[in-house]
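Every number for a ligand or one of its atoms is a count from 1 in the order of the listing.
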Amino acid sequence: MRAATFVAATCAGVLCASAIGHNQAPLHKPSSVEANGTSPLLALHKNLVEITSTSGSERNASDFLKAYLQRHGFTVETQDVEANRQNVYAYLGSSRSTRVLVTSHIDTVPPYWPYERKGDEIWGRGSVDAKGSVASQIIAVEALIKDDKIAEGDVGLLFVVGEEDSGIGMQTANKLELSWEAVIFGEPTELKLASGHKGGIGFTIRAKGKAGHSGYPDEGRNAIDLLVNGLAALQQLRLPSSREFGETTLNVGRIEGGVAANVIPEDASATAMVRIAAGTPARIMGLIQRAVAEVSYDLSVEFKAGRSPIAIDTDIDGFETIVVSYGTDIGNLQGDHKRYLYGPGTILLAHSDHEHIKIKDLEDAVEGYKALITKNLERSAKPTNV
Ligand SMILES: *[C@@H]1O[C@H](CO)[C@@H](O)[C@H](O)[C@H]1NC(C)=O
Ligand SMILES: *[C@@H]1O[C@H](CO)[C@@H](O)[C@H](O)[C@H]1NC(C)=O
Ligand SMILES: [Zn+2]
């Protein structure tokens, strides 16, 4: 949800192709890890979680996926996003244009937590967000290929960098100049189809005071007091809600200021994030600006790029639905495709120091992705005229 900084891909917007040509290895050639007796799904998930791929350092994960997908018979392209950051795009044969796209992100938030199997659970950074989705998406596509349910031109797989920090990976994917009838985004939705996600906007509120000796408060102006009053006003603020997305919520996540107990602080600031359930970022900005200005003109607010709430398709039978309160890459991918958001695990564990997923959920997600892919392919192809 950070403000998006656009950096041109070093391949000047075109793909740095590293396709392996069309005489591919047979599908489902077992790798050494899989020969180990563990399921291909768990082996792939383990390999992914064992690789550190904090936002900005995704290269080992993209290299792994490229090799894995090539070994499993896909044509693989990499797309440079920034120095040493690559998206991975895979498809069957030579049809890089496909009807359905399955996509997720390979970066994780810091810090890295190692892979650990605990009974029927798998712990570790990314085990939920989003390597649980990545692994079950790939295994689902492989299963459909094996069962002759999909063929060349049906499904592409796109794994992007930078979802957790800026969305730059998916923004760059627009330069692939591809379009799809439907795009299935993988994020933890507890195996439900998300009907939408809240928008968001981040901001920093700064208080400018006047330093002085704490024994003479009238000589200075206390920036921490100003900031606290500003934050108290924000807590009282009525933010818009909607039936679809629920309440707009505000979280002050970081606060700093002052130097010592006997000094009147000159500076104080807090950073906060609003999850928007109704209205636009501009409207929320207005409400916050006004509330803060009513407290003191020594308070200023600086906003990051915001996003409005996004509605997502749920027109596939057999799934429960859920509204999620986090941002995704959905808004970063341009096009008039149908969009679905689905994946194993819960966001409540993602980003935590106890991130973990149930093995059963990973397995169920494979079935869920298979259903989403096949039901979208069963629709008649979209008319090509405009
Ligand atoms: C492979 O087998 C070894 C023991 O032979 C075991 O320690 C290891 O965890 C297994 N790998 C996976 C991915 O389960
Ligand atoms: C990527 O892999 C190399 C080789 O195993 C390793 O030295 C490096 O530390 C890894 N990078 C990250 C960010 O973990
Ligand atoms: Zn995620």
### Query
Can you pull the salt bridge (charged side-chain N to carboxylate O under 4.0 Å, His left out) pairs that have at least one residue in residues 205-228, sequence neighbours excluded?
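Applying salt bridge (charged side-chain N to carboxylate O under 4.0 Å, His left out) to every pair that reaches into residues 205-228, excluding sequence neighbours, yields Arg206-Glu302, Lys208-Glu266, Lys208-Asp267, Arg221-Asp298.
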### Query
What is the nearest protein non-hydrogen atom to atom 14 (O) of ligand 2, stated with its residue, atom name and distance?
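Going by distance alone, atom 14 (O) of ligand 2 is nearest to Thr52 CB, 3.6 Å.
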### Query
Tell me, which protein residue and heavy-atom name are nearest atom 13 (C) of ligand 2, and how many Å apart are they?
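For atom 13 (C) of ligand 2, the nearest protein heavy atom comes out as Ser57 CB, 3.9 Å.
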### Ser214 versus Ile264, closest heavy-atom pair with distance
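It is CA-CG1, 4.0 Å.
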#### Entry: Is_contact(atom 9 (O) of ligand 2), protein non-hydrogen, under 4.0 Å
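It does not: no protein heavy atom is found less than 4.0 Å away from atom 9 (O) of ligand 2.
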### atom 4 (C) of ligand 2 touched by protein heavy atom at under 4.0 Å
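No; the ligand atom in question lacks any protein heavy-atom contact below 4.0 Å.
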#### Entry: N/O/S atom name from His105 that is nearest to the position of the Zn ion (ligand 3)
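Nearest N/O/S atom: NE2.
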### Message
Out of the candidates Glu187, His197, His105, only one should pair with Thr328 under the side-chain hydrogen bond (donor to acceptor under 3.5 Å, both in side chains) rule; please name it.
### Response
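Per the side-chain hydrogen bond (donor to acceptor under 3.5 Å, both in side chains) rule, the option paired with Thr328 is His197, out of Glu187, His197, His105.
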### Task
Could you list the atoms of ligand 2 found under 4.0 angstrom from a heavy atom of Asn60?
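Counting atoms of ligand 2 from 1, those under 4.0 Å from Asn60 are 1 (C), 2 (O), 3 (C), 8 (C), 10 (C), 11 (N), 12 (C), 14 (O).
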### Task
Report, rounded to 10°, the angle at the Zn ion (ligand 3) between the two atoms OD1 (Asp129) and OE1 (Glu187).
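The two atoms subtend 100° at the Zn ion (ligand 3).
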### Query
If you measure from CD on Glu77 to CZ on Arg96, what distance do you get to the nearest 0.5 Å?
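It is 4.5 Å, given to the nearest 0.5 Å.
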### Under-4.0 Å salt bridge between Asp165 and Arg85
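Here Asp165 pairs with Arg85 in a salt bridge, since their nearest N and O are under 4.0 Å apart.
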### Query
Do we see a donor-acceptor contact under 3.5 Å between the side chains of Ser55 and Glu164?
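Their side chains do not contain a donor-acceptor pair, so the 3.5 Å distance test is not met.
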